[in-house]
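Have a look at the structure below, then the notes.
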Amino acid sequence: MNILYFLVGCSVLMAIIFLGAFLWATKTGQHDDVYTPGVRILFDDELVENSEEDHFSN
């Protein structure tokens, strides 16, 4: 029976930690932009030009 008290205490402590992390993320603006991450994959990546040394090193 003592283990149940321990497990309930651990689960309440973890719930408080996750709630604190969620509130911190909300307060710092982590959830402000919900549109851009969904369409970011549709944009092309910018091409990076390699220098001449990169071509000869292979």
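Throughout, residue positions are numbered sequentially from 1 according to the sequence presented. Side-chain atoms are counted along with the backbone in the values below, which use heavy atoms only and exclude waters and symmetry mates.
For Ile41, the CD1 atom is loosely surrounded, since the number of other residues' heavy atoms within 6.0 Å does not exceed 12.
Put simply, Leu42 and Tyr35 are part of the same group of oily side chains (I, L, V, M, F, W, Y) that touch within less than 4.5 Å, one to the next.
Put simply, CH2 on Trp24 and CG on Leu19 are 14.5 Å apart, with the number rounded to the nearest 0.5 Å.
Ile3 is linked by a side chain to side chain contact (heavy atoms under 4.5 Å, CB included) to Phe6, Leu7, counting only residues two or more places apart in sequence or in another chain.
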